[in-house]
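Convention: sequence-line order gives letters A, B, ...; per-chain numbering from 1.
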Protein chains: 2
Amino acid sequence: MQVKCTISNNLHIASDIFEILIVSCSRCSKCRKNCTCPKTKRQTGCPIAFALDTVGDKWSLIIIRDILMRGKETYGEFLAAEEGIATNILANRLKHLQDEGLISKTRDPKNQRRYLYQLTQKGFDLAPLVLEMVRWSAAYDPETTARPDIVERVNTDREGFLEDLRKSRMADED
Amino acid sequence: MQVKCTISNNLHIASDIFEILIVSCSRCSKCRKNCTCPKTKRQTGCPIAFALDTVGDKWSLIIIRDILMRGKETYGEFLAAEEGIATNILANRLKHLQDEGLISKTRDPKNQRRYLYQLTQKGFDLAPLVLEMVRWSAAYDPETTARPDIVERVNTDREGFLEDLRKSRMADED
DNA sequence: CATTTCACTTGCATAACACAAGTGAATGAA
DNA sequence: TTCATTCACTTGTGTTATGCAAGTGAAATG
């Protein structure tokens, strides 16, 4: 089975075992230029697969963590993350998160060469997922640096903590 | 900075920007043979990074979903997942999940050539994370096939639903 | 007006994943 | 008791995603 890339018009082979979605980007170098990654979606309708296809790569949730939990909002701040994301991957992932509607990108009114990346409602709604990660890792990682007071708050007053996060981090969308 | 692989004794270059953990497996083909993936861990202590390094690849949570939500427990059943996991990746991921202590592997008493893969407590404790994925995807994926009654139950009686899951899916560990 | 900052892009290398084919032990039917 | 089939994998090879270093152009700063 062959699928035509909507940008290059090149034909690509697609497996018929599981469907491959070509979203104006694909496998050839010509397409890759405009690619916003990931190139393939499983499209089974399964909610777990959907979430994994949207933010299940190695970096998307790290970026969302930086916005949500650490108040970061610029390219340079994300790049400085201790995990060491590569600059090309960061650019690609920011584009992807924008395409998925999880973050917004606006010029910083105070500095015209700087952009501000902020969570949309859809992006912020991943917060409960992030908090469950914190809870699980705090329980099972002996080397965890998760702050005990935060973990305690997550365990005892999740809704309140979420509300505090919402107030401080969510972009004004209107 | 160089790190010695504990299997091959080969030296590998490790970035000093972010630490790379070599766990009896690494970058050379000699090591790869014994590799259980992933080869690199970020080791920053961050709970989000820890969870991503443990189950943040493309397939681990799909397997856990199959055990947790669909009652699967054999290699063949996982292989038949509609998402179409490749057999080598499945074998690799099962080994990895075992190494991480998320699943157990036992011979099927009824069929000596069959193995049963079941969740440990640590693996089952990812259920809240999985349920948050269901909730988020059900809200944002227009094509979702998530059952409305399940989503409703997750939203209104999460603890009860988790308890039901626990009863039906968790391996007897003692 | 030269220098620095900032948000990227480009080219090339490596790691993760995909696909097809094959293997050996356990089982079941002839 | 042989032989085909099932089952859980392994192996080889190609493709996709990620990593790394270097470079670019526009906006700010001295």
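Going from atom CG of L116(B) over to atom C1' of dC7(D) covers 13 Å, rounded to whole Å. Rounded to an integer number of Å, the gap from OH of Y115(A) to P of dA28(D) is 11 Å. Counting to the nearest Å, the C1' atom of dC17(C) and the CZ atom of R42(A) are 12 Å from each other. Note: NZ (K41(B)) to P (dA16(C)) measures 12 Å, nearest angstrom. Computed from coordinates, the Y75(A) OH to dA27(D) P distance equals 18 Å when rounded to whole Å. Taking atom CG of residue L79(A) and atom P of nucleotide dG19(D), one finds them 12 Å apart after rounding to whole Å. Atoms NZ (K58(B)) and P (dA15(C)) sit 20 Å apart, rounded to a whole Å. Rounded to an integer number of Å, the gap from CG of N111(B) to C1' of dA8(D) is 11 Å.
For K105(A), whose side chain is taken as the heavy atoms from C-beta onward, the closest listed nucleotide among dG19(D), dC17(C), dC8(C) is dC8(C). Nearest nucleotide to the K95(A) side chain, out of dC17(C), dT27(C), dT9(C): dT9(C). Distance from the side chain of A91(A) is smallest for dC8(C) among the nucleotides dC8(C), dT18(D), dA28(D). In this structure, of dG19(D), dT10(D), dA27(D), it is dG19(D) that holds the atom nearest to the side chain of A86(A). With distances taken from any side-chain atom of T87(A) to the nucleotides dC9(D), dC8(C), dA26(C), the minimum falls on dC8(C).
A side-chain donor-acceptor contact under 3.5 Å links D53(B) to the backbone of R42(B). Listed for the N92(A) side chain is no donor-acceptor partner under 3.5 Å among the backbone atoms of N88(A). A side-chain donor-acceptor contact under 3.5 Å links S137(A) to the backbone of P47(B).
Between dA18(C) and W59(B), a contact under 4.0 Å exists linking OP1 or OP2 to a side-chain N or O. When the side-chain nitrogen and oxygen atoms of R107(B) are compared with OP1 and OP2 of dA8(D), none of them lie within a distance under 4.0 Å. Proximity of R113(A) to the phosphate of dT5(C): no side-chain N or O atom is located under 4.0 Å from OP1 or OP2.
Salt bridge absent: R93(B) and E100(B) never bring a charged side-chain N and a carboxylate O closer than 4.0 Å. A salt bridge between E132(B) and R158(A) is present, with a side-chain N of the basic residue lying under 4.0 Å from a carboxylate O of the acidic one.
As judged by a 4.0 angstrom heavy-atom cut-off over every strand, N88(A) is placed among the base-contacting residues. Note on K110(A): nothing from the nucleic acid sits closer than 4.0 angstrom, heavy atoms only.
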